[in-house]
Amino acid sequence: MKIKVDQHNCIGAGNCAQLAPKVFSQREEDGVVILLDETPGDSEAEDVAKAVKICPAQAISVSEG
């Protein structure tokens, strides 16, 4: 799994950081997503999938590899 985030589309909702705090964080000044782990292990897959699904700005994408 390889994760990409589009910080320009992110609206700082913070759902991703709450669901998968080992993978996502937020910039303190504006709440925009910070990708902590571009290739997390399988243990994070379910939470990352949920984060992708509920991101209101569709700023997170996942690909294989």
task: Go through the steps to decide whether D37 and F24 satisfy the test side chain to side chain contact (heavy atoms under 4.5 Å, CB included), and finish with yes or no.
output: CA-CA 7 Å; D37 187 354; F24 304 104; over 6 Å; no
field: Within 6.0 Å of CG in D30, more than 12 heavy atoms from elsewhere
entry: yes
message: To the nearest 0.5 Å, what is the distance between SG on C16 and NZ on K50?
response: 14.5 Å
V62-V23 co-clustered via ILVMFWY side chain contacts under 4.5 Å: yes
task: Mind checking the CD1-CD spacing from I34 to Q7? Nearest 0.5 Å is all I need.
output: 7.0 Å
- request: Kindly indicate whether the side chain of P40, heavy atoms from C-beta on, has any atom under 4.5 Å from the side chain of D47.
  value: no
message: Go through it in stages, so that I can follow the logic: the residues are K2 and E38, the test is side chain to side chain contact (heavy atoms under 4.5 Å, CB included), and I'd like the CA-CA distance, side-chain angles, deciding distance and then a yes or no.
response: CA-CA 6 Å; K2 186 171 182 178; E38 185 179 31; 3.2 Å; yes
query: More than 12 heavy atoms of other residues, nucleotides or ligands under 6.0 Å from CD of E28: is that the case?
result: no
query: Is there a chain of hydrophobic side chains (I, L, V, M, F, W, Y, each step under 4.5 Å between heavy atoms) that links L19 to L35?
result: no
- request: To the nearest 0.5 angstrom, please state how far the CD1 atom of I3 sits from the OG atom of S61.
  value: 9.0 Å
message: Could you measure the distance from the CD1 atom of I60 to the NZ atom of K53? Nearest 0.5 Å is fine.
response: 14.0 Å
- request: To the nearest 0.5 angstrom, please state how far the CE atom of M1 sits from the CD atom of E44.
  value: 7.5 Å
message: If I take atom CD from residue Q58 and atom SG from residue C10, how far apart are they, to the nearest 0.5 angstrom?
response: 12.5 Å
Which atom of G31 lies closest to which atom of Q26, heavy atoms considered: O-NE2, 2.8 Å
